[in-house]
Amino acid sequence: MATPQHLFTRFASKTSEWAGRPVTFVLAVVLVAVWAATGPLFDFSETWQLVINTGTTIITFLMVFVLQNAQTRDARAVQAKLDEIILTSHAENRFIGIEHLDDEDLKHLDRLVAKAAKGVREGRTNGTPKATSSSHEANEKRTSAKPRKPKRKTAPSKTPSR
């Protein structure tokens with residue numbers, strides 16, 4: 001039997017998929033247009049205004065949780081895929097788990113990666129690869145001194161805990 005969490009996950013996925021369709025937007029516009037057209041019929045009363053205000057507030061409040069659930073799961077899945085690519089390639093394993101760093105550390109890492117990318121672009125322009133950061137140079141020395149580990153052919157049987 002499906003657990004409540006599994007049921008909510010399926011509900012959140014289907015709801016976010018449905019909410020992102022153009023037909024859903026058109027239905028929302030039609031609903032607002034019908035509400036606006038009925039304004040003169042109800043003399044633009046406070047109750048008439050309360051209907052749309054309450055309805056949109058409730059729907060927005062509930063959709064925040066549903067969409068956040070779907071987005072969080074999607075982000076975790078993408079992160080797991082990226083981690084697997086890093087593990088099975090010759091990329092630096094130190095990038096695994098960087099999504100857990102604080103903002104300052106991520107900004108610092110962004111600057112280092114941008115600096116290294118600039119050096120690679122300049123090296124390609126000049127015809128020779130050029131390392132720009134000392135950590136990259138140290139890594140080059142370290143990797144040239146020892147053999148690289150072979151690529152893993154299959155995904156891990158259990159996702160690493162973070």
Side-chain angles (χ1 to χ4, degrees), residues 1-29 32 53-162:
M1 183 173 175
T3 65
Q5 183 176 3
H6 181 70
L7 292 174
F8 182 74
T9 298
R10 287 190 356 215
F11 171 76
S13 294
K14 293 294 182 185
T15 303
S16 65
E17 183 179 314
W18 179 80
R21 293 184 178 170
V23 70
T24 307
F25 175 76
V26 171
L27 287 173
V29 170
V32 171
N53 289 339
T54 304
T56 56
T57 301
I58 290 170
I59 289 170
T60 301
F61 180 74
L62 295 176
M63 286 301 289
V64 164
F65 298 103
V66 169
L67 295 176
Q68 185 61 48
N69 177 275
Q71 183 181 7
T72 300
R73 278 184 296 100
D74 288 347
R76 284 183 181 157
V78 168
Q79 193 59 53
K81 291 174 184 179
L82 290 172
D83 287 351
E84 178 63 15
I85 290 171
I86 291 170
L87 285 170
T88 58
S89 71
H90 295 294
E92 295 183 37
N93 289 347
R94 69 184 172 130
F95 286 101
I96 293 176
I98 65 171
E99 68 275 10
H100 301 291
L101 296 175
D102 62 20
D103 287 340
E104 285 302 314
D105 290 337
L106 283 174
K107 286 178 186 176
H108 178 70
L109 190 58
D110 283 342
R111 286 190 298 269
L112 290 176
V113 171
K115 186 177 178 182
K118 183 180 178 186
V120 168
R121 281 193 303 270
E122 288 174 359
R124 287 182 183 157
T125 305
N126 298 336
T128 58
K130 176 182 173 184
T132 60
S133 70
S134 59
S135 63
H136 183 68
E137 291 170 0
N139 187 46
E140 287 295 319
K141 290 176 186 174
R142 187 178 70 238
T143 56
S144 63
K146 65 179 184 177
R148 293 190 166 190
K149 63 181 179 183
K151 289 186 177 182
R152 196 172 70 224
K153 300 293 182 190
T154 60
S157 59
K158 185 177 179 182
T159 304
S161 61
R162 297 188 195 264

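The model shown is predicted, which means the values in this text are computed figures rather than measured ones.
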F25, CZ atom: more than 12 neighbouring heavy atoms under 6.0 Å: no
Partners meeting side chain to side chain donor-acceptor pair (under 3.5 Å) with S13 (sequence neighbours left out): R73
Inter-residue atom distance E17.CD - K14.NZ, 0.5 Å rounding: 5.0 Å
Atom pair CZ (R94) and CG (L109), whose distance is rounded to the nearest 0.5 Å: 7.0 Å
D110 CG: over 12 foreign heavy atoms closer than 6.0 Å: yes
Hey, can you pull the donor-acceptor pairs under 3.5 Å for the side chains in residues 1-8, sequence neighbours left out?
from, atom 1, to, atom 2, distance (Å)
T3, OG1, H6, N, 3.1

Heavy-atom pair with the smallest gap, counting every atom of A12 and N69: CB-OD1, 3.4 Å
Closest approach of L67 to S16 (non-hydrogen atoms, all atoms of both residues): CD2-CB, 3.3 Å
Those residues that, when tested against K107, pass side-chain contact (heavy atoms from CB on, under 4.5 Å) (two or more places apart): E104, R111
Nearest heavy-atom neighbours spanning L106 and I98: CD2-O, 3.4 Å
From OG1 (T15) to CG (L62), nearest 0.5 Å: 10.5 Å
